[in-house]
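Just so we're on the same page: letters track the sequence lines, and every chain starts at 1.
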Number of protein chains: 2
Amino acid sequence: MAQQTDPARRAPLSRDRVLRAAVALADGTGIEALSMRRLAQELGVVPMALYKHVANKEELLDGMVDAVVGGIRPPDLGPDWRGAVRGRILAAREALRSHPWASQVIRSRSGPTPALLAHMDAVIGAFRTGGFSVDLTHHAMHALGSRILGFTQEVFDAPPGAAPGAAAGPPAAEQAAAFRQLAERYPHVTELAGATAHDDDSVVGRGCDDQFEFEFALDLLLDGFERLRQQGWTSSPSPAGGRAG
Amino acid sequence: MAQQTDPARRAPLSRDRVLRAAVALADGTGIEALSMRRLAQELGVVPMALYKHVANKEELLDGMVDAVVGGIRPPDLGPDWRGAVRGRILAAREALRSHPWASQVIRSRSGPTPALLAHMDAVIGAFRTGGFSVDLTHHAMHALGSRILGFTQEVFDAPPGAAPGAAAGPPAAEQAAAFRQLAERYPHVTELAGATAHDDDSVVGRGCDDQFEFEFALDLLLDGFERLRQQGWTSSPSPAGGRAG
DNA sequence: ACCTGAACACCGTTCAAGT
DNA sequence: ACCTGAACACCGTTCAAGT
């Protein structure tokens with residue numbers, strides 16, 4: 001009947017088809033379940049067949065990153081640097097939104113892919129066109145860090161659940177006791193968590209609006225950059241003087 | 001002669017000894033070379049012996065994080081919130097300085113260790129004592145993200161070397177051609193890299209002062225927080241109104 | 001010349017057999 | 001009761017044998 005459900009199954013393997021399948025597999029089952037063997041199986045192919053299209057797993061990951069980052073679609077951008085930088089960064093965030101593995105994989109790469117260089121070039125260009133010196137642009141780019149791609153590094157990747165020692169699903173009574181001890185030992189953490197998580201059943205959080213937090217910090221940085229630009233800020237104490245150290 | 005070089009070799013295994021050896025191994029050979037089997041070998045012990053002291057590799061990593069984060073030694077801190085927050089964060093940076101694997105491992109944990117909770121509690125406490133509302137403190141903590149522990153997420157972990165496609169050590173002529181193409185396609189990236197890396201032989205960088213960049217961004221954020229505190233900023237439009245969404 | 005199965009050198013962890 | 005070797009179910013990649 002639905003024999004044609006996967007029309008690509010019998011199509012000859014190509015680098016593009018390998019990359020697409022890898023992205024889909026990582027999206028569906030998580031990056032830690034992406035193995036060369038598993039990917040080959042998914043494609044109905046012997047593991048070694050993949051090595052005709054990617055040199056090794058590293059190159060596969062590079063290709064996946066390039067595919068996702070290449071999907072950044074910046075909106076029509078006005079002339080002001082702030083809107084241009086902001087728009088590109090939020091577009092990057094949007095492109096990476098449905099690929100939760102992407103940030104982790106990008107980080108683990110040793111160098112930029114072409115699509116990544118293109119994105120960074122565009123953001124740097126927006127700063128420069130907006131009147132930023134090379135010096136200030138450089139430090140601004142560092143200050144943004146991974147935020148340039150629309151993601152930030154929280155302390156943990158996963159939402160904090162129970163304490164690390166505790167196994168999953170402790171009895172309710174024990175949980176209450178653990179909470180009381182937590183509140184006693186870490187009163188400020190508890191206060192913060194209590195104020196933000198009351199919509200949620202989790203002990204230590206969620207109920208945070210990631211998008212709000214992202215834009216909050218981004219705008220704080222952009223405001224800071226603008227202020228320094230207006231001041232003609234330079235990292236060297238005087239225009240002619242060299243940097244100490 | 002120097003039979004006593006490693007006096008602990010014959011000492012009975014303990015959780016502490018396991019953790020200490022794991023930290024040393026990760027420091028010396030990199031986190032990717034840390035395996036249960038390798039660690040056991042290092043301790044002169046059969047792999048399964050480790051499982052008497054840690055439940056599994058996850059718990060081993062939790063223990064390593066706690067050991068390193070527990071080593072944060074904040075300086076004597078003045079009463080002002082800015083100095084207190086800044087001092088604690090830079091102390092965290094110092095503690096993690098000689099453990100390059102730590103940031104990556106912390107990130108991969110699913111929840112906080114006790115030492116980590118203690119550190120965060122202290123930083124939150126500094127904000128609150130300094131007159132920050134729970135609301136503003138919450139957003140400030142998110143804005144700091146992993147910076148609270150003294151590290152930031154650059155786009156890549158490793159220093160950018162050659163382009164990802166290129167193998168290690170291409171001939172000089174080919175390298176020059178690749179550079180010309182890079183400069184043509186990514187002019188702004190090239191300009192930035194050229195301005196900062198002239199002390200270095202690398203094409204795309206280094207010559208950046210990590211500590212300077214860290215403090216630059218940190219101070220930009222702390223300045224922003226202070227400004228919002230003075231304004232009595234709230235994420236809700238009015239004190240009585242609820243948040244939209 | 002191309003393709004591919006078996007093999008290699010690893011993993012983390014289970015489990016049953018030995019003391 | 002404790003300890004531990006062999007085994008299991010995986011990896012990424014090499015390599016030689018088959019077509």
- Query: Under the salt bridge (charged side-chain N to carboxylate O under 4.0 Å, His left out) test, which residues partner A:D16, sequence neighbours left out?
  - Reply: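 Partners of A:D16 by the salt bridge (charged side-chain N to carboxylate O under 4.0 Å, His left out) criterion, ordered by chain and then number, come out as A:R20.
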
- Message: Of the listed nucleotides (C:dT14, D:dT13, C:dT4), which one gets closest to any side-chain atom of A:A49?
- Response: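 My answer, after comparing the listed nucleotides, is C:dT4.
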
- Query: Side chain of A:R37: nearest nucleotide among D:dA6, D:dG12, D:dA7?
  - Reply: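 Closest nucleotide to the A:R37 side chain: D:dG12.
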
Starting at [atom1] of [X] and ending at [atom2] of [N], how long is that distance when rounded to a whole Å?
X     : N      : atom1 : atom2 : value
B:M48 : D:dA6  : CE    : C1'   : 12 Å
B:L34 : C:dC11 : CG    : P     : 10 Å
B:Y51 : D:dT4  : OH    : C1'   : 14 Å
B:E32 : C:dC10 : CD    : C1'   : 14 Å
A:L39 : D:dC10 : CG    : P     : 17 Å
B:N56 : C:dT14 : CG    : P     : 8 Å
A:K57 : D:dC10 : NZ    : C1'   : 12 Å
B:L60 : C:dT13 : CG    : C1'   : 14 Å

- Sort out the partner of D:dT4 for me: Watson-Crick or G-U wobble, both distances under 3.5 Å, none otherwise.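 The answer is C:dA16, by the H-bond criterion.
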
- Searching all strands shown, indicate the nucleotide that pairs with C:dA9 (Watson-Crick or G-U wobble; both distances under 3.5 Å).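 WC or wobble partner does not exist here.
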
- Name the nucleic acid region contacted by A:M36, choosing base, sugar-phosphate or nothing; use a 4.0 angstrom heavy-atom cut-off, strictly under.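 Sugar-phosphate: the residue A:M36, judged by heavy atoms under 4.0 Å, touches backbone atoms but no base.
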
- Message: Between A:H139 and B:F212, is the ring centroid distance below 6.0 Å?
- Response: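 Aromatic pair counts; centres sit under 6.0 Å.
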
- Could you pull out the closest heavy-atom pair between B:A126 and B:V85, with the gap in Å?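 Residues B:A126 and B:V85, closest heavy atoms: CB-CG2, 3.8 Å.
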
- Taking all non-hydrogen atoms of both residues, which atom of B:M64 and which atom of B:L19 are closest, and how far apart?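 Heavy atoms only, the tightest pair is N-CD2, 3.9 Å.
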
